[in-house]
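Here is the structure we will look at.
Every chain is numbered from 1, with letters handed out A, B, ... down the list of sequences.
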There are 2 protein chains.
Amino acid sequence: MTSPTIYDVARSAGVATSTVSRAFSNPQRVSAGTRERVLRVAHELGYEPNPHARALTSRRTQTLAMVVSDITNPHFFEIIRGAELRAKSSAFTLVLVNAEESPRIEWEQISRLMRSVDGFLLAASRLPDESLGQLAASHSVVLLNRQAAGIPSVVLDQREGCRQLVAHLASLGHSKLVCLSGPRNSWTSANRWTAIRDAAEELGLTVTRMGPYTPTVSHGGAAADAALTTGATAFIAHNDLLAIGVLRRLAARGVRVPGDVSVSGFDDIFAADLCTPSLTTLGGVHADLGRAAVELLLEAAGAPNRTGAAAQQLVLPSRLVLRNSTGASTR
Amino acid sequence: MTSPTIYDVARSAGVATSTVSRAFSNPQRVSAGTRERVLRVAHELGYEPNPHARALTSRRTQTLAMVVSDITNPHFFEIIRGAELRAKSSAFTLVLVNAEESPRIEWEQISRLMRSVDGFLLAASRLPDESLGQLAASHSVVLLNRQAAGIPSVVLDQREGCRQLVAHLASLGHSKLVCLSGPRNSWTSANRWTAIRDAAEELGLTVTRMGPYTPTVSHGGAAADAALTTGATAFIAHNDLLAIGVLRRLAARGVRVPGDVSVSGFDDIFAADLCTPSLTTLGGVHADLGRAAVELLLEAAGAPNRTGAAAQQLVLPSRLVLRNSTGASTR
DNA sequence: ATGAAAGCGCTAACAC
DNA sequence: GTGTTAGCGCTTTCAT
């Protein structure tokens, strides 16, 4: 009841095992006739190559690992979907692991998988640059929504997107903004902050930064309370989840949105369109992010020792989605 | 630059390779002293076991595959999260694959992974019972939100949940219901329908079934239109996504919810609490579903030839969440 | 173009 | 408790 091996196929087809092997992994090195016969026999016998035996010698596993900072965040699901689809279309399997917002767990997960995958897709990694560099030195790595020198990456443009967002708020008459930041070691959070600060400066607005806040709905309450003390009229939350939490607290406290204050988020998750008021947010096509990242990773994994080629740093366009949580300033 | 193997460790520690192997995979069969020394040396050398070599001989991969019918559906997020967490806590890796609502793709994905995983978690499988039986005959399988004879499964209780839902609607004065069903080969959909029909009969209500509908927001429009033609005052949608689509169409057509008709969904996804009106829905603790399923799978994978033991069919409690989309009937 | 044979790194009898 | 050894199923030189 054990499954057939190349030996069985080789015997039945009257060829050597190496020929069977070639027929599967290097078809062009086998004459059309034998190849066809081998494949036919293999099919009849129900032969399927054993991926582990294959990996053991070839050191290629046809598997990619995707590490996400927090699997609970709906924003990742589109990315995961895009990545999974792209991986599948190249007959690659995607392993999904959760870092639970902890750099330690992230590193453990990575270590555990080092030998079993052809490359890593690190989404919103919380690892320090040095760790990333270290990993990238020995493995194929692509960063997602994070950049680091010498490592290929795909990010959604924040600079221009944040500029548009701030300009939007400015045009509504807001002159005092507050930025409710995300996790301390989030590259995206830092990146957004500098983009917002620069844009505000350029447009002559003031903006203060508060946080870090864990970007979940439940932490929005504290963020809202803190933001209210600043006297700002526009709150820029680190992401939609936090923004929705802010919205809730404001509603509970009788602060009207966008009557009294405006609120915006990032990511454009599904729920942003459903909450009340619906949320103005800076999003993008996340499935494309996942797809592009896998594409880069496949490239990198294909030519492991590309010491020369500069690491590609892809920047995909973001998209400002205006909804009902932002409006004219009343002050 | 090639990584160290048990041979290197064995040589450095002055023991046989088998001792090193045991120290890692069967610690209690090695004396405390040697074990400690071996592990220390291994650590110094930076040795990490090669999972493929391990899998090749032991036939165990420490990997589980989770196949979801549609990765886009937010309802799976929590399940995936629970499953991933539980798998990790037993040092198992979770491979996530998407069946894209297609039985053919589902089977392809499964076939591709047969050799590389210790078991399958099939979430809302669209495969016919025979295929499931065939797979279960040779591999460890646990079904999630689906039942089939002889295969362990975890489902959210629908029978009692649907009864409560229908009773809720009856108590609001609704006597004519319509059920907007999900995909044709969805076990859950069929199961809900019989539960709803039986409950309606028991309570003296009439209920008609429409569909199948693809359970996404965008298909809610057609479902709403069809439901309106029936004259029913309460619409039971196959899931929250479809229900939200129904809500949108009704709002667009000026039908008031719950003033004119009541609407309910299933799953209690995050968005159900955010839409307007917020959605009455039958949910449950989905993370528990994922957790329990992995637990069952780990058990099954541990004792592969448990021909005797009856397949466990776990039924976890569902939870009726009353929100603002259901109200008194005006007819 | 095809075959023979030596591993890849580990586990699992089986000895001692 | 520990060592010896024969594979697991495949890829990959090296011959032919």
Exercise. Hey, does Arg22(A) reach any base, or is it just sugar-phosphate, or nothing, if we go heavy atoms under 4.0 Å?
Worked result: base

For this session: State plainly whether the residues Glu106(A) and Arg126(A) are in salt-bridge range, i.e. N to O under 4.0 Å.
Result: no

Exercise. With sequence neighbours excluded, what pairs up with Arg104(A) under the salt bridge (charged side-chain N to carboxylate O under 4.0 Å, His left out) test?
Worked result: Glu108(A)

For this session: May I ask you to say whether Glu84(A) pairs ionically with Arg291(A), meaning some side-chain N is under 4.0 Å from a carboxylate O?
Result: no

Exercise. So does Arg40(B) pair up with Glu36(B), basic N to acidic O under 4.0 Å?
Worked result: no

Exercise. Looking only at heavy atoms, which two atoms of Thr63(B) and Ser116(B) are closest? And how far apart?
Worked result: CB-O, 4.0 Å

For this session: For Glu36(A) and dA1(C), give me the distance from atom CD to atom P, rounded to whole Å.
Result: 16 Å

For this session: Assign Thr5(B) to base, sugar-phosphate, or nothing according to its heavy-atom contacts below 4.0 angstrom with the strands shown.
Result: sugar-phosphate

Exercise. Between Thr57(A) and dG9(D), is there a side-chain N or O to OP1/OP2 distance below 4.0 Å?
Worked result: no

Problem set entry | Gap between atoms CZ and P, on Arg54(B) and dT11(C) respectively (whole Å) | 5 Å

For this session: Mind checking Val15(B) for me? I need base, sugar-phosphate or nothing, with any heavy atom below 4.0 Å counting as a touch.
Result: sugar-phosphate

Problem set entry | Selected nucleotide, minimal atom distance to Pro49(A) side chain, candidates dT11(C), dG9(D), dC10(D) | dC10(D)

Exercise. If you look at every strand shown and take non-hydrogen atoms under 4.0 Å, does Phe24(B) touch a base, only sugar-phosphate, or nothing?
Worked result: nothing

Exercise. Touch check for Ser31(A), heavy atoms < 4.0 angstrom, all strands: base, sugar-phosphate only, or nothing?
Worked result: sugar-phosphate

For this session: Before accepting this row, confirm whether a basic side-chain N of the pair Glu78(A)/Arg81(A) lies closer than 4.0 Å to the acidic partner's carboxylate O.
Result: yes

Problem set entry | Nearest-Å distance for atom pair CG/P, residues Asn50(B) and dT11(C) | 9 Å

Exercise. Counting just side-chain N and O atoms, does Arg60(B) come under 4.0 Å of either OP1 or OP2 of dA12(C)?
Worked result: yes

For this session: Let me know the distance between CD1 of Ile6(A) and P of dG3(C), rounded to the nearest Å.
Result: 13 Å

Exercise. If you look at every strand shown and take non-hydrogen atoms under 4.0 Å, does Arg59(B) touch a base, only sugar-phosphate, or nothing?
Worked result: sugar-phosphate

Seminar exercise, completed: Atom CD of Gln62(B) and atom C1' of dC10(C) are separated, to the nearest Å, by 14 Å

Exercise. So which one's nearest nucleotide on DNA chain C is more toward 5', Tyr7(A) or Thr19(A)?
Worked result: Thr19(A)

Problem set entry | Residue-phosphate contact under 4.0 Å: Ser25(A) side-chain N/O, dT11(D) OP1/OP2 | yes

Problem set entry | Short side-chain N/O contact to dT11(D) OP1/OP2 from Ser21(A), under 4.0 Å | yes

For this session: Round to the nearest Å and state the distance from Asn26(A) atom CG to dA1(C) atom P.
Result: 12 Å

Seminar exercise, completed: Checking dC10(D), dG9(C), dT2(D) against the side chain of Ala53(B) (C-beta onward), the nearest is dG9(C)

For this session: Round to a whole Å and report the spacing from CG of Leu56(B) to P of dT11(C).
Result: 11 Å

Problem set entry | Interatomic distance, Glu48(B) CD vs dG9(C) C1' [rounded to whole Å] | 14 Å

For this session: Give the nucleotide from the list dC8(C), dT2(C), dG3(C) with an atom nearest to the side chain of Ser18(A).
Result: dG3(C)

